[in-house]
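Comments concern the structure below.
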Amino acid sequence: MKTFWGDYNSWEEAEKAWDAGAEKAAISSPLSTIKPATSRVGIASATAKNLKSKPLWYMLSHDADGILRKNLLKHPLRHSWQFIKSLFRKKAFERKDNFFLYNIKDLEEFEKLLDADDTILLLGFSYCQKPLECPAGRFNDKCFHDPENPKCRQCFIGKAYNALPEDNVTPLVITTAHYIGNKVFELIENNPDKKVVFIMTSCELALTMFGDWGNMVGIKGVGIKIFGNICNTFKAFELAENGVKPMPTTINASAEKQIMSWIQLRASRP
């Protein structure tokens, strides 16, 4: 499907038209909104312990099809060494407000990577950001991003998909930690002449737990914290990994604006 932005002469014209359509859709066919009974803020104190060892156990014990182990064993020494180095760091990332920086020192460095010819962009959204009425369903990696569908038109994931350039960009809806891990390995293997950089939305717990895994494969990028019905305990994370996520999450307006700015930068490259 040709993206919505491709029908307009300028970025500004396309975004204005998209937003106008989203406003009309919100009036004629508004999305349901469900607020959690209690606000979840940050990682629960009991869960904050051992956040480096828990992901290792979880990823290996839930690798039912063996794809993760197969990818790890392709370069066992390199992956082991990089993983161990990351484990001994106090944190696997740097943090700037709601942005988690992996293998980069600041957002300016990330923007240089976005503008480089030798990078491929992975743009991933947590499935729990999908609206309850998502026409593709929620617990899957599908996104119809149909501009004519009023539900898609109000969804930020749909907006982002419709603004992406066609080349050297891989958009994903992330279902599980294994799913995104396997996709990263695929991108690296299938693009040996490219460096994989990423923009990824997720809960603070997952962004904290899986930083070492990103460092292990050497990818660089930005994780963006989501809000709302987040996973702030390991039990909630495990439930979400099995599709138990009855309420939607979101990112704040400034993060949405930043993502669109990064997509515009990527799309403006010759």
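- Among pairs with a residue in residues 257-270, those fulfilling side-chain hydrogen bond (donor to acceptor under 3.5 Å, both in side chains) read Glu111-Trp262, Asp117-Arg269, Thr119-Arg266, at least two apart in sequence or across chains.
- Heavy atoms of other residues, nucleotides or ligands lying less than 6.0 angstrom from NZ of Lys112 number 12 at most.
- Hydrophobic clustering (ILVMFWY, side-chain heavy atoms < 4.5 Å, transitive): Leu265 and Phe110 are in one cluster.
- Hydrophobic clustering (side-chain heavy atoms under 4.5 Å, transitive across Ile, Leu, Val, Met, Phe, Trp, Tyr) keeps Ile67 apart from Ile188.
- Remark: Lys54 is positioned above the aromatic ring of Phe234, its terminal NZ or CZ atom under 6.0 angstrom from the ring centre and at most 45 degrees off the axis.
- Residues Gln129 and Thr201 bring a donor and an acceptor atom of their side chains to less than 3.5 Å of each other.
- Between the OG atom of Ser202 and the CD1 atom of Ile226 there is a distance of 5.5 Å, given to the nearest 0.5 Å.
- Residues passing the side chain to side chain contact (heavy atoms under 4.5 Å, CB included) test with Glu109 are Ile104, Lys105, Asp106, Lys220, sequence neighbours excluded.
- Ile27 forms part of no hydrophobic cluster, judged by ILVMFWY side-chain heavy-atom separations under 4.5 Å.
- Glu94 and Tyr102 form no side-chain donor-acceptor contact under 3.5 Å, judged by distance and modelled atom types alone.
- Using a 30° and 60° split on the angle between ring planes, Phe125 and Phe156 fall in the perpendicular class, above 60°.
- Ser61 pairs by the side chain to side chain contact (heavy atoms under 4.5 Å, CB included) definition with Trp57, not counting sequence neighbours.
- Listed by chain and residue number, nothing satisfies the side chain to side chain contact (heavy atoms under 4.5 Å, CB included) test with Asn242 (two or more places apart in sequence, or in another chain).
- Between Lys159 and Glu15 there is a salt bridge, since a side-chain N of the basic residue sits under 4.0 Å from a carboxylate O of the acidic one.
- Residues meeting the ring-ring contact (aromatic ring centres under 6.0 Å, His included) test with Tyr8, sequence neighbours left out: Phe4.
- One side chain, Asp141 or Tyr179, offers a donor N or O that lies under 3.5 Å from an acceptor on the other.
- Grouping the Ile, Leu, Val, Met, Phe, Trp and Tyr side chains by contacts below 4.5 angstrom, directly or via other members, places Tyr58 with Met216.
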